[in-house]
Amino acid sequence: MPELPEVETIVGDLRRDILGRKITGVRYLTRSVWRKKPPRAVLLLGARVNQISRRGKHILIHLSNEYTLVFHLKMTGRLTYENSSDPRRKHTHLILNLDKGQLRFNDIRRFGYIDLVGVGKLENLDYLEALGPDAMEISKDEFIRLLKSKKRIIKSLLVDQSVLAGLGNIYTDEALHLARIHPRRVSARLSVSKLARLHDAILETLRKALAARGSSVDNYVDGRGAKGSFQEQHLVYGREGKPCRTCGRPIRRLTIGSRSTHYCPECQR
DNA sequence: GACAACCTGACC
DNA sequence: GGTCAGGTTGTC
């Protein structure tokens with residue numbers, strides 16, 4: 001399930017592989033993955049990839065004709081650069097032929113979506129406008145002010161993209177363990193020093209995950225189809241019953257806001 | 001502020 | 001055959 005480090009890894013890979021490439025053909029294999037109607041092919045054909053960026057968990061591919069392709073991978077989406085001769089996987093929904101190779105969007109569960117956004121429309125796109133500050137870019141002061149202003153269970157708050165963009169279930173659990181904060185604590189009631197520690201923990205977790213090219217716990221792969229390795233370093237996520245790497249007591253799992261939450265009852269208070 | 005819905009595959 | 005996985009939207 002791609003969160004900020006996975007999306008950032010894919011963006012980096014695509015920058016290496018498709019920057020400057022020209023779209024020479026489009027194949028719409030599943031029309032319903034488009035957020036709106038699939039665009040007329042003429043809006044894509046002949047355009048070159050000018051720039052690739054990330055907003056929260058969204059991947060933006062900026063084209064030379066000033067249109068932008070927006071992808072959200074949700075849980076099982078993959079966006080990969082492949083050779084035209086590579087066998088097509090099941091659940092491939094879009095293939096863009098490039099002057100060299102192909103960009104393919106694949107998504108088993110079809111929760112993800114693709115959007116094509118016209119000139120100047122990017123800035124007032126509802127689902128991008130709704131995003132809070134980026135988890136990687138927010139300053140410590142701004143972070144503390146933000147969390148102090150909300151009276152919510154910290155776990156639920158951190159996965160809320162309208163509050164802070166980029167964290168999902170994995171990195172929220174990981175960062176809370178690193179900061180030694182119990183996932184049920186209420187944001188506004190945390191001390192300034194604890195919130196400062198949480199800000200540090202989020203940055204450190206994301207930085208390490210990025211260095212390991214993301215967590216492949218489910219079916220996440222990078223822009224070239226390779227798995228990440230951060231799952232091997234997880235402190236709590238997916239480690240229920242296993243010993244805490246700090247104190248040795250078993251990691252526990254509970255449900256907060258209908259999502260499974262992993263934590264150490266000894267280390268996190 | 002909780003929870004069903006969207007989907008498929010893995011697992012029991 | 002039933003449950004679970006969880007990002008986001010939509011509904012209450």
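Chain naming here is simple, since letters A, B, ... match the order of the sequence lines and numbering starts at 1 in each. These numbers were taken from a predicted model, which means no experiment stands behind them.
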TODO: Could you check which nucleotide pairs with B/dC7 in any of the strands shown, counting Watson-Crick or G-U wobble with both distances under 3.5 Å?
DONE: none
Task: Nucleotide of C/dT8, B/dG9, B/dC7 approaching A/Arg109 most closely (side-chain heavy atoms) - done: B/dC7
- [ ] Take the protein atom NE2 of A/His72 and the nucleotide atom P of C/dT9, then report the distance between them rounded to whole Å.
- [x] 7 Å
Open item on the list: Can you confirm whether the side chains of A/Thr24 and A/Asp99 place a donor and an acceptor under 3.5 Å from each other?
Closed with: no
Open item on the list: Please report whether the ring centroid of A/Phe105 lies less than 6.0 Å from that of A/Tyr113.
Closed with: no
Task: Side-chain donor-acceptor pair present, A/Glu6, A/Tyr171, cut-off under 3.5 Å - done: yes
- [ ] Would you mind classifying the nucleic acid contact of A/Tyr237 as base, sugar-phosphate or nothing, using non-hydrogen atoms under 4.0 angstrom?
- [x] sugar-phosphate
TODO: For A/Arg253 and for A/His58, find the nucleotide of DNA chain C with the closest heavy atom, then tell me which residue's nucleotide is more 5'.
DONE: A/Arg253
Task: Given C/dA5, C/dT8, C/dT9, the nucleotide with the shortest approach to the side chain of A/Tyr127 - done: C/dT9
Open item on the list: Could you tell me how far apart A/Gln231 (CD) and C/dA5 (C1') are, to the nearest whole angstrom?
Closed with: 16 Å
Task: Whole angstrom value for the distance that separates P of B/dC6 from CG of A/Asp107 - done: 16 Å
Open item on the list: Heavy atoms only, 4.0 Å cut-off, all strands: where does A/Met75 land among base, sugar-phosphate and nothing?
Closed with: base
Open item on the list: If I take atom CD1 in residue A/Ile154 and atom C1' in nucleotide B/dG1, what distance separates them, rounded to the nearest angstrom?
Closed with: 16 Å
TODO: Taking only the side-chain heavy atoms of A/Lys90 (C-beta and beyond), determine which of B/dC7, B/dG9, C/dA5 contains the nearest atom.
DONE: B/dG9
Task: Side chain of A/Lys74 (C-beta onward), nearest among C/dT8, C/dT9, B/dC7 - done: C/dT8
Task: Inter-nucleotide P distance (B/dC7, C/dT11), Å rounded - done: 15 Å
Task: Euclidean distance, atom CG of residue A/Leu73 to atom P of B/dC6 [Å, nearest integer] - done: 22 Å
- [ ] Give the rounded distance in Å between these two atoms: CE of A/Met1 and P of B/dT8.
- [x] 18 Å
Open item on the list: Nearest whole Å is fine: how far is B/dG1 P from A/Asp160 CG?
Closed with: 13 Å
TODO: Name the nucleic acid region contacted by A/Arg89, choosing base, sugar-phosphate or nothing; use a 4.0 angstrom heavy-atom cut-off, strictly under.
DONE: nothing
Task: Minimum-distance nucleotide (side-chain atoms of A/His91 versus C/dA5, C/dT8, B/dG9) - done: B/dG9
Open item on the list: Starting from A/Leu29, can I reach A/Leu96 by hopping between I/L/V/M/F/W/Y residues whose side chains sit under 4.5 Å apart?
Closed with: no
- [ ] For A/Thr76, report the nucleic acid contact type (base, sugar-phosphate, nothing); a contact means any heavy atom under 4.0 Å.
- [x] nothing
- [ ] Take the protein atom CG of A/Asn106 and the nucleotide atom P of B/dG9, then report the distance between them rounded to whole Å.
- [x] 11 Å
- [ ] Indicate whether any N or O donor in one side chain lies under 3.5 Å from an N or O acceptor in the other, for A/Ser191 and A/Ser193.
- [x] yes
